[in-house]
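Have a look at the structure below, then the notes.
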Amino acid sequence: VQLQASGGGLVQAGDSLRLSCAASGLAFSYYGMGWFRQAPRNEREFVAAINLTGGSTAYANSVKGRLTISRDNAKNTVYLQIVSLKPEDTAVYYCAARYGAYSDRQTDYIYWGQGTLVTVSS
């Protein structure tokens with residue numbers, strides 16, 4: 001199983017970004033997907049999650065309204081759209097997969113991507 005995250009980079013505050021996570025080696029449509037992030041000197045935290053069909057999503061309160069998680073089961077890919085980026089969004093963003101329903105708990109996820117770095121300058 002491989003989760004390949006991409007789309008990170010150096011952006012300015014106020015910009016938008018879309019992260020992608022391409023999955024392989026698993027029956028993607030049977031897995032709930034989540035995005036987590038780890039800022040410098042901080043622990044990794046939950047950001048967003050989406051159910052098997054994309055019909056249900058969950059977001060951390062700190063990012064609600066600025067992030068949109070979506071998925072394309074035909075492409076085995078989950079996305080995270082971030083708008084109005086802030087310097088405090090600077091972090092490594094990880095995608096993760098768990099069989100069945102999504103979760104906001106890291107320990108519920110069994111597969112993890114390598115992460116993609118987002119750096120937001122002020």
Side-chain angles (χ1 to χ4, degrees):
V1 174
Q2 192 170 24
L3 301 179
Q4 184 70 42
S6 61
L10 175 62
V11 297
Q12 292 188 333
D15 285 351
S16 299
L17 203 62
R18 189 176 81 158
L19 307 180
S20 300
C21 174
S24 59
L26 76 170
F28 184 72
S29 62
Y30 285 86
Y31 284 78
M33 300 297 296
W35 283 97
F36 296 80
R37 69 183 182 184
Q38 186 168 18
R41 297 175 297 280
N42 284 3
E43 294 185 352
R44 191 162 57 186
E45 63 177 359
F46 168 74
V47 173
I50 190 166
N51 75 338
L52 308 183
T53 63
S56 180
T57 57
Y59 298 93
N61 288 332
S62 60
V63 299
K64 198 172 292 185
R66 294 194 299 116
L67 272 64
T68 302
I69 186 171
S70 61
R71 66 189 295 162
D72 186 338
N73 285 350
K75 295 182 178 180
N76 286 4
T77 301
V78 62
Y79 305 97
L80 185 69
Q81 178 81 31
I82 314 173
V83 301
S84 302
L85 279 155
K86 305 175 182 180
E88 50 264 43
D89 292 321
T90 295
V92 177
Y93 285 73
Y94 299 90
C95 59
R98 75 179 299 258
Y99 188 80
Y102 66 72
S103 170
D104 61 0
R105 298 189 305 180
Q106 298 183 51
T107 53
D108 286 340
Y109 288 84
I110 57 173
Y111 300 119
W112 289 82
Q114 85 290 355
T116 185
L117 175 63
V118 174
T119 304
V120 185
S121 63
S122 57

Between S6 (side chain only) and C21 (backbone N and O only), is there a donor and an acceptor less than 3.5 Å apart? no

Kindly give the heavy-atom pair with the smallest separation between [X] and [Y], and that separation in Å.
X    : Y   : answer
Q106 : R44 : NE2-O, 2.6 Å
F28  : D72 : CE2-O, 4.1 Å
P87  : A13 : CD-CB, 4.2 Å
C95  : A5  : SG-CB, 4.3 Å

Is [X] linked to [Y] within one hydrophobic cluster, defined over Ile, Leu, Val, Met, Phe, Trp and Tyr using a side-chain heavy-atom separation of less than 4.5 Å?
X   : Y   : answer
L80 : L10 : no
L67 : V11 : yes
M33 : Y79 : no

Please determine, by modelled atom types, if S56 and N51 share a side-chain donor-acceptor pair under 3.5 angstrom. no

Let me confirm one number: the [atom1]-[atom2] distance from [X] to [Y], rounded to the nearest 0.5 Å.
X    : Y    : atom1 : atom2 : result
T53  : N73  : OG1   : CG    : 8.0 Å
L3   : T77  : CG    : OG1   : 10.5 Å
R71  : S29  : CZ    : OG    : 7.5 Å
S122 : K86  : OG    : NZ    : 13.5 Å
D89  : T119 : CG    : OG1   : 11.0 Å
Y31  : N76  : OH    : CG    : 11.5 Å

Cluster membership besides Y94, Ile/Leu/Val/Met/Phe/Trp/Tyr side chains within less than 4.5 angstrom, sorted by chain and number, is F36, F46, V92, Y102, Y109, W112, L117

Residue list, side-chain contact (heavy atoms from CB on, under 4.5 Å) with [X], at least two apart or on another chain:
X    : result
Q81  : S16, R18, T68, V83
T57  : I50, Y59, I69
A101 : R98
E43  : none

Side chains of Q114 and Q4, heavy atoms from C-beta outward: is any pair under 4.5 Å?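 Sidechains of Q4 and Q114: in contact.
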
Please say which of T90, V63, N42 ends up in a side-chain contact (heavy atoms from CB on, under 4.5 Å) with R37.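 The single option meeting the side-chain contact (heavy atoms from CB on, under 4.5 Å) with R37 is V63.
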
For Y30, the ring-ring contact (aromatic ring centres under 6.0 Å, His included) test, sequence neighbours excluded, returns none

